[in-house]
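Okay, structure first, notes after.
Protein chains get the first letters and strands the later ones, always in sequence-line order, with residue 1 at the start of each.
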There are 2 protein chains.
Amino acid sequence: MKTGPDIALIAALVGDPARANMLTALMGGKALSAGELAAEAGVSLQTASSHLAKLESGGLLAVEKQGRHRYFRLTGPDIAVMLESMMGLAARVGHVRTRPGPKDPALRQARVCYDHLAGDTGVRLLDSLLRRRLLRSTTGTLALTKGGEEFAAAFGIDLPALERSRRPLCRTCLDWSVRRPHLAGAMGAALLDRVAELGWVRRERNSRAVLFTAAGLRHFERQFPLK
Amino acid sequence: MKTGPDIALIAALVGDPARANMLTALMGGKALSAGELAAEAGVSLQTASSHLAKLESGGLLAVEKQGRHRYFRLTGPDIAVMLESMMGLAARVGHVRTRPGPKDPALRQARVCYDHLAGDTGVRLLDSLLRRRLLRSTTGTLALTKGGEEFAAAFGIDLPALERSRRPLCRTCLDWSVRRPHLAGAMGAALLDRVAELGWVRRERNSRAVLFTAAGLRHFERQFPLK
DNA sequence: CCAATGCTTCGACGAGCATCGAAGCATTCT
DNA sequence: AGAATGCTTCGATGCTCGTCGAAGCATTGG
């Protein structure tokens, strides 16, 4: 027996198609009930219950009771980061599930990665912030500059509240569709929240896709220029 | 059926303990023969052969025939990056395989992550390069500065050769033991090569651990100071 | 208090798969 | 050529685990 973290254990949890579907669904960031997850995975309620129990005891999912419902969510953003990285690898080695429906282009353009923006738009967001020197990378992790802090405040983000959370403020996350990094962390989540609050986007029901309104996209591109 | 990359497929490949052990062994960077991998995984030769066939057809391993031997290696550094990120997650949720033998502290201090340095020392290396402004991050990915290029040349690294490879020069990789990034990519690999060439370290046989010699550690700390 | 809803537990079935013995194929060594 | 080494293929075995029907438990609503 070897030493070190047991990756087989958690890989096996993700390795079942039903569980993988559930986890993917939860990358939308919202907590979902057992019934919703069963439908998402395409299995019966009993089967889903068994899977969810395993995911929970494996530390991948946390559960919250609300009345007669039980809502499940990923235990942390790092789970989402790992799942995205697995998607990137799966895409590279050619394991893409066929049927590229109408949703697929939308997902590549803009989607939710747990709680922040991913896809072309997410990558563009990070590029813009770096190019305008609102973000910089000191020790391999991102940090807001002085200008970045001012920008955040002006954009309507409550920085002190974010800093009170134990979560890293800025983090990169490798995008599976673009294979370039986008902005994650508390700041990434806050930016998506704010963009939604401003009405620039609407969430597709039961999907990770994020649809920009025509006006919203204009505002977004003006607010986050590439040059 | 959903669309998108099929993470269940590759997760299932990693999900078997025997295969996970093989993959972990291959993170040492060296190509290993089927027999060596069988021993590493603790299974018979026939079983190993079956596993290796699956890993190969799944796109995780590449094989190279040499005489009557078949040497397997990871198909790319991104596989190692994914495995390290899974280790980080497994460590966080508490799935560490017990028996923290004498190897364990050594692994945390310095180990090989496919082809570059990880552990405390690897993290320190990245920190030092950033603090001395030999590296900087422009669009979320790392890049050498002018000073960094001069440093590389002075340290005995053939930059033009590295740039000829299609591989990204500098990349970060999240460290499972420290949970902070270290330097990966072609540059990370070249630095480890050079450090080995200089005789500062010796590789533990059949292990990912990297042991610094006393003199080597002094040289290393002088070459990569933290302030 | 009874009915309805949401979910879990129990039990049984079945398929998939990891495992290894034995035989077969390829390569190298003498 | 014959023997030895390294690995794969075949076949059989056994076990794990995903699956769902039926029953049970908890919560909410009338």
### Message
Does the plane of the ring in A/F224 sit parallel, tilted or perpendicular to the ring in A/F220? Use 30° and 60° as the thresholds.
### Response
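Tilted: the ring planes of A/F224 and A/F220 meet at 30° to 60°.
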### Query
Between which nucleotides of DNA chain D, 5' to 3', does chain B make heavy-atom contacts below 4.0 Å?
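Boundary nucleotides touching chain B, in 5' to 3' order, are D/dA4 to D/dT9.
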### Query
Starting at the 5' end of DNA chain D and moving along, which residue's nearest nucleotide shows up first, A/G42 or A/G67?
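Nearest nucleotide further toward 5': that of A/G42.
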### Query
When you look at A/T24 and A/R208, which way does the side-chain hydrogen bond (donor to acceptor under 3.5 Å, both in side chains) test go after all the steps?
CA-CA 9 Å; A/T24 306; A/R208 298 171 58 200; over 6 Å; no
Could you list all N or O pairs between the protein and nucleotides 1-5 of chain C that sit under 3.5 Å apart?
residue	atom	partner	partner atom	Å
C/dT5	O2	A/R68	NH1	3.4

Got a salt bridge between [X] and [Y], using NZ or NE/NH1/NH2 to carboxylate O under 4.0 Å?
X: A/R164; Y: A/D158; answer: no
X: A/D16; Y: A/K54; answer: no
X: A/R108; Y: A/D120; answer: no
X: B/K30; Y: B/D115; answer: no

### Task
Return yes if some donor-acceptor pair links the side-chain N/O of A/T213 with the main-chain N/O of A/W200 below 3.5 Å, else return no.
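Indeed, once roles are kept as given, a pair shorter than 3.5 Å links the two residues.
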Give me, pair by pair, the N or O atoms of the protein and of nucleotides 16-18 of chain C that are less than 3.5 Å apart, along with how far apart they are.
residue	atom	partner	partner atom	Å
C/dA18	OP1	B/R19	NH2	3.3
C/dA18	OP2	B/K54	NZ	2.4

### A/T47 and A/S50: CA distance, side-chain angles, deciding distance, side-chain hydrogen bond (donor to acceptor under 3.5 Å, both in side chains) verdict
CA-CA 5 Å; A/T47 306; A/S50 147; over 6 Å; no
### Query
Do you see a donor-acceptor pair shorter than 3.5 Å between the side chains of A/S33 and A/E36?
yes
### Message
Tell me whether the count of non-hydrogen atoms from other residues, nucleotides or ligands lying under 6.0 Å of CZ in B/R179 goes above 12.
### Response
yes
